[in-house]
Amino acid sequence: METETATNWLTDAEQCAWRTYLDVNRLLTYQLEKDLQPFGLTNNDYEILVNLSEAPDRRLRMSDLAAATLQSKSRLSHQITRMENAGLVRRENCESDRRGLYAVLTEQGMETMQKVAPHHVDSVRRHFIDQLSPEALEELRQSLKPIAEQLRGLRGKP
């Protein structure tokens, strides 16, 4: 027998905060994606390039890259295939684990990253950073930090 519990509905203020967050998240993601389009990149492409450019030897195991970008292994595999076809990354076998594969940033991928990064940073600055005072940015960071930590703790849990 199921026990019924009362739904803890959001207050008007909570609902407004939640919907404002969703609105900003969608609009900012849309704008950043739009600003990457002239370079032939998506937000996912850029995130992969960033992760690989910051990794030792510009390479990551596919499973680690999937975890870092919050993508399924299958979805990441399709993404990497597309990026391989564009010459941005390549796959390499993992010598220590014959089943494992690395995603490796190519020279063309690194050149693309170096060309696009200043434009992306400018977009982030224009559409997000410069819209808030330094105090508001710090308050936002402090406010979102416990949420990020709680959600990181749930990763991999059913």
Side-chain angles (χ1 to χ4, degrees), residues 2-83 88-89 94 100-105 109-110 112-158:
E2 288 185 35
T3 58
E4 200 172 302
T5 58
T7 300
N8 187 14
W9 296 106
L10 300 179
T11 66
D12 288 345
E14 292 167 338
Q15 181 81 273
C16 183
W18 173 241
R19 288 188 178 179
T20 300
Y21 165 78
L22 290 177
D23 202 28
V24 167
N25 184 40
R26 282 190 297 265
L27 289 166
L28 184 59
T29 299
Y30 172 83
Q31 187 62 51
L32 294 176
E33 183 98 24
K34 184 177 171 189
D35 290 349
L36 286 171
Q37 284 176 350
F39 301 99
L41 297 176
T42 66
N43 282 331
N44 284 339
D45 295 334
Y46 188 78
E47 184 179 16
I48 288 168
L49 292 176
V50 167
N51 275 277
L52 292 175
S53 73
E54 294 175 348
D57 299 322
R58 298 183 191 158
R59 69 173 45 213
L60 283 171
R61 288 181 66 101
M62 290 285 286
S63 57
D64 293 337
L65 186 56
T69 59
L70 299 177
Q71 293 188 54
S72 70
K73 291 178 187 176
S74 165
R75 184 167 191 259
L76 178 66
S77 181
H78 290 295
Q79 179 89 27
I80 292 297
T81 297
R82 197 174 58 71
M83 293 177 76
L88 301 173
V89 299
C94 178
L101 287 173
Y102 286 106
V104 182
L105 188 64
M110 190 62 188
T112 298
M113 182 69 203
Q114 290 169 335
K115 180 175 88 175
V116 174
H119 297 278
H120 180 70
V121 169
D122 179 63
S123 180
V124 169
R125 181 166 294 289
R126 269 184 297 125
H127 302 299
F128 183 73
I129 300 296
D130 291 348
Q131 301 305 309
L132 300 166
S133 69
E135 297 79 20
L137 276 172
E138 179 58 21
E139 187 176 322
L140 179 63
R141 187 187 71 78
Q142 289 293 337
S143 296
L144 295 177
K145 186 177 176 181
I147 298 167
E149 289 172 358
Q150 186 263 345
L151 291 171
R152 270 191 211 99
L154 293 176
R155 284 179 56 187
K157 293 182 181 177

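Worth saying up front: this structure is predicted, and the values here are computed from it rather than measured.
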| message | Taking atom CG as the centre, does Asp23 end up with more than 12 heavy-atom neighbours from other residues, nucleotides or ligands that are less than 6.0 angstrom away? | response | yes

In sequence, state the C-alpha distance, the side-chain angles, and the governing distance for Ile80 and Leu101, and then conclude on side chain to side chain contact (heavy atoms under 4.5 Å, CB included).
-> CA-CA 11 Å; Ile80 292 297; Leu101 287 173; over 6 Å; no

dist Gln142:CD -> Lys145:NZ (nearest 0.5 Å) comes out at 6.0 Å

Check: Is it true that the side chains of Glu47 and Asn43 contain a donor and an acceptor less than 3.5 Å apart?
Finding: no

For Tyr21, the ring-ring contact (aromatic ring centres under 6.0 Å, His included) test, sequence neighbours excluded, returns Trp18

Residues at least two apart in sequence or cross-chain that pass side-chain contact (heavy atoms from CB on, under 4.5 Å) with Glu139, listed by chain then number, are Ser143

side-chain contact (heavy atoms from CB on, under 4.5 Å) filter on Gln131, not counting sequence neighbours, yields none

Arg141 meets the salt bridge (Lys or Arg N to Asp or Glu O under 4.0 Å) criterion, sequence neighbours left out, with Glu138

Is it the case that Gln15 and Arg19 place a side-chain donor and acceptor less than 3.5 Å from each other?
yes

With sequence neighbours left out, the residues meeting side-chain contact (heavy atoms from CB on, under 4.5 Å) with Arg58 are Leu105, Glu107, Met110

Say whether, by atom type as modelled, one donor and one acceptor occur between the side chain of Thr29 and the main chain of Arg26 under 3.5 angstrom. no

What's the verdict on side chain to side chain contact (heavy atoms under 4.5 Å, CB included) for His119 and Asp35, showing C-alpha distance, side-chain angles and the deciding distance? CA-CA 8 Å; His119 297 278; Asp35 290 349; over 6 Å; no

**Study point:** Residues, nucleotides or ligands: over 12 heavy atoms within 6.0 Å of Asn25 CG
**Key:** yes

Check whether any side-chain heavy atom of Met113 lies under 4.5 Å from a side-chain heavy atom of Leu52, and answer yes or no. no

- Given the rule in the side chain to side chain contact (heavy atoms under 4.5 Å, CB included) test, do Leu88 and Ile48 qualify, once you have shown the distances and angles that lead to the verdict? CA-CA 10 Å; Leu88 301 173; Ile48 288 168; over 6 Å; no

Can I get a per-line list of side-chain donor-acceptor pairs under 3.5 Å for residues 60-69, giving both atom names and the distance, sequence neighbours left out?
unit_1: Arg61; atom_1: NH2; unit_2: Asp97; atom_2: OD2; d: 3.0
unit_1: Thr69; atom_1: OG1; unit_2: Leu65; atom_2: O; d: 2.8
unit_1: Thr69; atom_1: OG1; unit_2: Gln71; atom_2: NE2; d: 3.4

TODO: Tell me yes or no: between the side chains of Asp45 and Thr42, is some donor less than 3.5 Å from an acceptor?
DONE: yes

ring-ring contact (aromatic ring centres under 6.0 Å, His included) filter on Tyr30, not counting sequence neighbours, yields none

side-chain contact (heavy atoms from CB on, under 4.5 Å) filter on Leu144, not counting sequence neighbours, yields Leu140, Ile147

Those residues at least two apart in sequence (or on a different chain) that pass salt bridge (Lys or Arg N to Asp or Glu O under 4.0 Å) with Asp122 are Arg126

Query - Heavy-atom check, side chain of Leu27 versus side chain of His127, under 4.5 Å - result: no

Across all chains, not counting sequence neighbours, the salt bridge (Lys or Arg N to Asp or Glu O under 4.0 Å) partners of Asp130 are Arg125

Here the ring pair (Phe, Tyr, Trp, His ring centres under 6.0 Å) pairs for residues 57-83, sequence neighbours left out, are none

With a 4.5 Å limit on heavy-atom distance, are the side chains of Leu49 and Val116 in contact? no

Hits for ring-ring contact (aromatic ring centres under 6.0 Å, His included) against His120, two or more places apart or cross-chain, chain-then-number order -> Tyr46

